[in-house]
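In what follows, a single structure is set out as C-alpha cells and then discussed.
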Amino acid sequence: MLNSPHYEEVEQPNLHEIDNAIMKIIGEMKMNSMFDKETIKYLTSGQTYRVGRLYLLPKIHKLNEQLITNVRHGACNELPIMPPGRPIISQIGTPAERIGHYCDYFLVPIVRMQNTYIKDTSDFINKIESLKLNPDCLLITYDVTSMYTNMTFDEILNAVGRSYNEHTLQSQLELNCPTKQNMLDLLKIILENNYFEFNGKHYRQRIGAAMGAVPSPEICDIRMYEITNAMMSQFQYREKIAFHGRYRDDGFIIYNGTVQEANHLFEIGNAIHDLLKFTYEISETEMTFLDTTVFKGNRFSTQNVLDIKTHMKKTKNFQYLHRESAHPTSVFKGFIKGECYRLLRNTSDNSVLDSALQSFNDKLMLRGYCETETIPIIQEVKHKNRKDLLKPKSAKQRKEKHILVTKFDPRIKGIKKRLMKNWKLISEDSLLKTIFQSAPMIAYKKHQNLGDILTSSIVY
C-alpha cells in the first residue's frame, strides 16, 4: 500500500481539527439562515468520532471460470490466488459522515436530471421495453475501470461546480440549498480527509472518492456524465445510437451500426482520461446488464421489443436462508415472495418465468423448505400483474408508530397475538392509553452471531 498512487501512510489524523473545519462552514451557513432546526441539530449534535475503516469486497466473479467451477464442485479446496477486491472505506462514525449525508441530499437531483440516468432495474426495464428496435441492432455494455478511485479531487470538484445550480435545485427540494461555494468547501473537506486505519497504521486516500463515503456515487456520477458526453460528442456515428443508459460505472448501449464503428467509440473514450478506461462487450443477440439478461427472443421477432430475463451470476451458489435457522416465519415468507417478485419483474416471457420459478422452488427444497409453504406464495405472485411491479414507487408518508423491539427466540411464539389479546388492559389504563394510542409494531433485532464473534471491523 505504501507504493500505491492512491494511498499514503500518515500520522494519526487530528479528528477534532477536521470537525472544527466542518463546523466553521456550518456556522457561517447558520448565520445566513441556511438551516432549519432539525438539520442544524443533526449536523451539530456532539458525538465521539473515530477514523474510517478499510475493508475489501472480494470480486469472486472476476476469477477464471474454470477455477470457479473447480471450487464449486470440490475439486479445489482453497483459491490458489487472491481474488481482486473492491476497497471500501467505511466513514461511519467519522467527522465527515453526517455532512456527507447532507451534501448528498442536494447532489442526488443533479444525477437524476442526466439524460442517461438509470435509477434501478425497474427503470432500466421500462426504458428498454419502450423501444422498438432495428432487427440488426448491436447490444453493448461497458464498465468504467475503478471509476471511484481514478478521479482527482480537483476534477471532481470542478465537475460538481459546473453542474450545481442552487436556484434550479431549490424548486425540487424542501431544505434550503447551500451556495455553490458552501457545497464545494464541504466536499473538499470530505475528499481530502479520507483517513482510515489498516493493519494498525493510518492512511489517507490521495486520489479519487472513497467508496464508502456517502456522496461518492453522486460526485463521481456527475464527472462521469461529462466524460461520456465528451465521448459521444466526438463520435461521428452518434446518430446511430438508439439508446444509452448508465448506472454508476456500468453502461448499456443499443447501436444501429457495425462492430468496427462501436469499437471506435470506445477508442475515443479511452483517450479522454489518463486513468479512467472503458472495458466493453458487444453482441448481436444478448447482453447482461444489472441483474437482467436482455436478448432477442420471441417478442423481439414479432414486435421488435427486446426480451428480458433474470441474470444469475456464475458464482451464485443459492445458499438461501435455511428453513431451520432461528428467524420469524414472516422472514422466510418475505424473502421467498421478494425473490418471486424479482423474477416476475425481470421476465418478459411467461414460459421463461415458469422455468425460473420452478428452479427457485427446487433450490428452496434443498434448503429445508417444503412445498406446502412455497407453492402458495409462488402461485400468489404468478397472478400479480407484472406492470404493477414496474411502476415507479412513490414515497409513502409513514405514520408515526410505536415499535416494540426485542430479540427473536423460536421458543417464544405469538408475541403479537398475546399483546393484542391483552391490549384492553393498556387501552383502559388512564396513563398508558395516552402513551400507547395504538398497538405497536413488533420488530426484532439480530442476535450476535458467529461472524460478529470471530471477525472484526479493524483489519490486521
Side-chain angles (χ1 to χ4, degrees), residues 35-48 92-93 97-98 101-102 104-105 120 122 173-175 214 320-342 344-345 364 367-385 387-453:
F35 300 116
D36 57 27
K37 290 182 180 179
E38 290 299 317
T39 303
I40 194 66
K41 180 180 178 182
Y42 171 73
L43 293 175
T44 60
S45 59
Q47 64 179 103
T48 303
I92 296 174
E97 180 189 11
R98 292 191 180 184
H101 281 287
Y102 172 76
D104 195 57
Y105 173 81
D120 52 26
S122 295
L173 301 169
E174 295 180 6
L175 299 182
V214 178
Y320 297 120
L321 183 66
H322 200 282
R323 189 61 181 86
E324 293 183 4
S325 60
H327 289 83
T329 303
S330 58
V331 171
F332 299 111
K333 291 181 178 179
F335 109 79
I336 295 172
K337 184 175 288 188
E339 180 66 2
C340 289
Y341 277 145
R342 185 175 79 95
L344 173 59
R345 179 200 65 190
L364 289 175
R367 300 296 294 167
Y369 293 80
C370 59
E371 291 192 336
T372 55
E373 59 183 343
T374 61
I375 294 300
I377 297 175
I378 292 173
Q379 291 301 321
E380 177 191 345
V381 170
K382 285 179 67 174
H383 286 89
K384 295 288 183 180
N385 189 334
K387 291 182 179 179
D388 291 337
L389 299 180
L390 290 170
K391 289 179 180 177
K393 295 178 181 177
S394 56
K396 294 181 179 179
Q397 192 70 30
R398 292 188 177 181
K399 294 181 180 179
E400 293 226 355
K401 198 169 187 178
H402 288 92
I403 302 175
L404 173 61
V405 181
T406 184
K407 290 183 178 179
F408 177 73
D409 188 325
R411 296 167 297 183
I412 304 174
K413 298 181 179 180
I415 293 180
K416 179 74 173 181
K417 289 182 179 179
R418 295 181 193 185
L419 181 65
M420 295 311 299
K421 182 179 179 181
N422 297 285
W423 188 252
K424 187 177 180 181
L425 299 175
I426 295 175
S427 62
E428 292 180 350
D429 185 277
S430 58
L431 174 61
L432 292 178
K433 70 179 182 182
T434 62
I435 301 173
F436 302 102
Q437 297 176 8
S438 60
M441 179 188 298
I442 308 296
Y444 297 101
K445 60 182 180 181
K446 77 183 190 75
H447 291 268
Q448 189 179 35
N449 57 33
L450 283 174
D452 299 323
I453 297 170

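For the salt bridge (Lys or Arg N to Asp or Glu O under 4.0 Å) test, residues two or more places apart in sequence or in another chain that qualify with K424 are E428. Take F35 and apply the ring-ring contact (aromatic ring centres under 6.0 Å, His included) test, not counting sequence neighbours, and it matches Y102. Here R342 pairs with D291, E339 under the salt bridge (Lys or Arg N to Asp or Glu O under 4.0 Å) rule; sequence neighbours left out. With sequence neighbours excluded, the residues forming a salt bridge (Lys or Arg N to Asp or Glu O under 4.0 Å) with K337 are E380, listed by chain and number. Listed by chain and residue number, H402 satisfy the ring-ring contact (aromatic ring centres under 6.0 Å, His included) test with F436 (two or more places apart in sequence, or in another chain). Annotation: side chain to side chain contact (heavy atoms under 4.5 Å, CB included) contacts of K445 (sequence neighbours excluded): V405, K407. Remark: E324 engages no residue in a salt bridge (Lys or Arg N to Asp or Glu O under 4.0 Å) (not counting sequence neighbours). For K384, the side-chain hydrogen bond (donor to acceptor under 3.5 Å, both in side chains) criterion is met by no residue, not counting sequence neighbours. Not counting sequence neighbours, Q379 has no partner by the side-chain hydrogen bond (donor to acceptor under 3.5 Å, both in side chains) test. The ring-ring contact (aromatic ring centres under 6.0 Å, His included) search around Y42 returns none, not counting sequence neighbours. Qualifying side-chain hydrogen bond (donor to acceptor under 3.5 Å, both in side chains) partners for N385, counting only residues two or more places apart in sequence or in other chains: none. Not counting sequence neighbours, the partners of S325 by the side-chain hydrogen bond (donor to acceptor under 3.5 Å, both in side chains) test are H327.
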